[in-house]
Amino acid sequence: MNGLLSHVRKTWVPPTSTPYRTHLQETVGEQAKAQDGLKKRMDKLKATLERTHQALEEEKRRTVELLYSIFPGGVAQRLWQGLPVQAKKFDDVTMLFSDIVGFTAVCAQCTPMQVISMLNELYTRFDYQCGVLDVYKIETIGDAYCVAAGLHKKCESHARPIALMALKMMELSEEVLTPDAKPIQLRIGIHSGSVLAGVVGVKMPRYCLFGNNVTLASKFESGSKPRCINVSPTTY
């Protein structure tokens, strides 16, 4: 027995120099390389997902901003959440309707692109002023520009910002010339009263105002004179 043990001790070779040990080291090395490659691919995938998420969040932010720029805050929030928007009556609203005097004649003397450029230059100035005075832009149809106060938020002095808006619009219209180099002449009508407002349509929905007072506001505009602001007794 002692002889056998002595023979084993003499013939035993340390594992570090055996083929098995070498094979084991190679296997471990390959696994480490594979894990390192997998980790790099996972890191790359994670970075791609993070960029995609950021892009989606940015697109979401733009969509929300667009909704809030088109609709009153409460309406925009419900539309974003996919909830129905019920029509609502507003008792105290002041509306402003305006148009360009002789707009048809102006269009007849210039190209469509010139008309669009002129309106864009004018309405960009008006839009900025809406933000300054915190009035709600209802819509633009051709040369008609319509705003209201007391609609997107409750305001006891709703006639005041609309009156200031009318004065500012007259001032700003002097800064924009028609394609034939003539100053733009506005006529404006202002009226106050109750209205019914609601979202109409699913594709390209619009926030519209309804009621007799909307018609009256439009009539005060059409009955105004060039470069004049026609104010209804209700608003006055």
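Position 1 is the first residue of the sequence, and the numbers go up from there.
- What you find for Met118 and Val176 is that their closest heavy atoms are O-CG1, 4.0 Å.
- The OG1 atom of Thr215 sits 11.0 Å away from the CG atom of Leu209 when rounded to the nearest 0.5 Å.
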Full working for side chain to side chain contact (heavy atoms under 4.5 Å, CB included) between Lys60 and Leu56: CA-CA 6 Å; Lys60 175 183 175 182; Leu56 288 173; over 6 Å; no

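- In plain terms, the two heavy atoms of Ala197 and Leu151 that are nearest each other are CB-CD1, 4.0 Å.
- Classified by interplanar angle (parallel below 30°, tilted 30° to 60°, perpendicular above 60°), the ring pair Phe126/Tyr145 is perpendicular.
- Contact annotation: the side chain of Leu196 never approaches that of Lys88 to less than 4.5 Å [non-hydrogen atoms, C-beta and beyond].
- Between the side chain of Arg78 and the main chain of Gly74, no donor-acceptor pair closer than 3.5 Å is present.
- Atom-to-atom distance recorded for Ser192:OG and His158:NE2 is 5.5 Å, nearest 0.5 angstrom.
- In this structure the side chain of Ile162 never reaches within 4.5 angstrom of the side chain of Met95, judged on heavy atoms.
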Audit row: Val85, Leu79, side chain to side chain contact (heavy atoms under 4.5 Å, CB included) steps and yes/no: CA-CA 7 Å; Val85 180; Leu79 289 174; 3.9 Å; yes

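- A heavy-atom distance below 4.5 Å is found between the side chains of Met169 and Ile188.
- Under the 4.5 Å side-chain criterion, counting only non-hydrogen atoms from C-beta, Phe71 is in contact with Pro205.
- Note that the OH atom of Tyr128 and the NZ atom of Lys168 stand 9.0 Å from one another [nearest 0.5 Å].
- In this structure, Arg187 and Glu221 have side chains that are in contact, with non-hydrogen atoms separated by less than 4.5 Å.
- Met165 pairs with exactly one of Val132, Val135, Thr94 by the side chain to side chain contact (heavy atoms under 4.5 Å, CB included) rule, that one being Val135.
- Scanning for side-chain hydrogen bond (donor to acceptor under 3.5 Å, both in side chains) contacts around Asp143 gives an empty result, with sequence neighbours left out.
- For the atom pair CD1 (Ile70) and CE (Met204), the distance works out to 8.5 Å, reported to the nearest 0.5 Å.
- Using a 4.5 Å heavy-atom threshold, the side chains of Ser222 and Ser224 count as separate.
- Side-chain contact between Asp134 and Lys153 is present, with heavy atoms from C-beta onward closer than 4.5 Å.
- Ser157 OG to Asp92 CG: the interatomic distance, rounded to the nearest 0.5 Å, is 11.0 Å.
- Look at Arg227 and Glu174 and you find a salt bridge, because one of the NZ, NE, NH1 or NH2 atoms lies within 4.0 Å of a carboxylate O, short of that distance.
- Within the structure, no pair that satisfies the ring pair (Phe, Tyr, Trp, His ring centres under 6.0 Å) test touches residues 73-97, not counting sequence neighbours.
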Please table the atom pairs, donor to acceptor, closer than 3.5 Å between any side-chain atom in residues 40-48 and protein atoms at least two apart or in another chain.
{"residue": "Asp43", "atom": "OD2", "partner": "Lys39", "partner atom": "NZ", "Å": "3.2"}
{"residue": "Thr48", "atom": "OG1", "partner": "Lys44", "partner atom": "O", "Å": "3.0"}
{"residue": "Thr48", "atom": "OG1", "partner": "Arg51", "partner atom": "NH2", "Å": "3.3"}

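- Gln109 places no side-chain N or O within donor-acceptor distance of the main-chain N or O of Val106, the cut-off being under 3.5 Å.
- Val93 and Val199 fall within the same hydrophobic cluster, where Ile, Leu, Val, Met, Phe, Trp and Tyr residues are linked whenever their side-chain heavy atoms come under 4.5 Å apart, directly or through other members.
- In terms of modelled atom types and a separation under 3.5 Å, the side chain of Asn230 and the main chain of Phe220 share a donor-acceptor contact.
- Side-chain atoms of Thr124 come within 3.5 Å of backbone N or O of Asn120 as a donor-acceptor pair.
- Val195 and Val200 are assigned to two separate hydrophobic clusters, defined by single-linkage of ILVMFWY side chains at heavy-atom distances under 4.5 Å.
- Following chains of ILVMFWY side-chain contacts shorter than 4.5 Å, one can reach Leu119 starting from Leu96, so the two form part of one hydrophobic cluster.
- Counting only distance, with no hydrogens or angles, the side chain of Ser232 and the backbone of Thr235 share a donor-acceptor pair below 3.5 Å.
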Derivation and outcome, salt bridge (charged side-chain N to carboxylate O under 4.0 Å, His left out), residues Glu65 and Arg62: CA-CA 5 Å; Glu65 286 183 354; Arg62 291 178 181 176; over 6 Å; no

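- Residue Leu164 is grouped with residue Tyr236 when hydrophobic side chains (ILVMFWY) are merged at heavy-atom distances under 4.5 angstrom, including chains of intermediate members.
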Leu167 and Glu171: CA distance, side-chain angles, deciding distance, side chain to side chain contact (heavy atoms under 4.5 Å, CB included) verdict: CA-CA 6 Å; Leu167 293 172; Glu171 178 185 330; over 6 Å; no

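- The aromatic rings of Tyr136 and Tyr207 sit perpendicular, their planes meeting at an angle over 60°, well past the 30° parallel limit.
- In this structure, Val101 is not a member of the same hydrophobic cluster as Val231, with clusters built from ILVMFWY side-chain heavy atoms closer than 4.5 Å.
- Within the 3.5 Å criterion, the main-chain N or O of Met170 finds a donor-acceptor partner in the side chain of Ser173.
- One finds no salt bridge joining Arg61 and Glu57 here, because no Lys/Arg side-chain nitrogen approaches an Asp/Glu carboxylate oxygen to under 4.0 Å.
- Looking at heavy atoms from C-beta onward, Asp180 lies out of side-chain contact with Cys110 at the 4.5 angstrom threshold.
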Verdict with reasoning, Leu133 to Gln129, per side chain to side chain contact (heavy atoms under 4.5 Å, CB included): CA-CA 6 Å; Leu133 294 173; Gln129 198 60 34; 3.8 Å; yes

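- In this structure, Asn213 contributes its side chain and Ser194 its backbone to a donor-acceptor pair below 3.5 Å.
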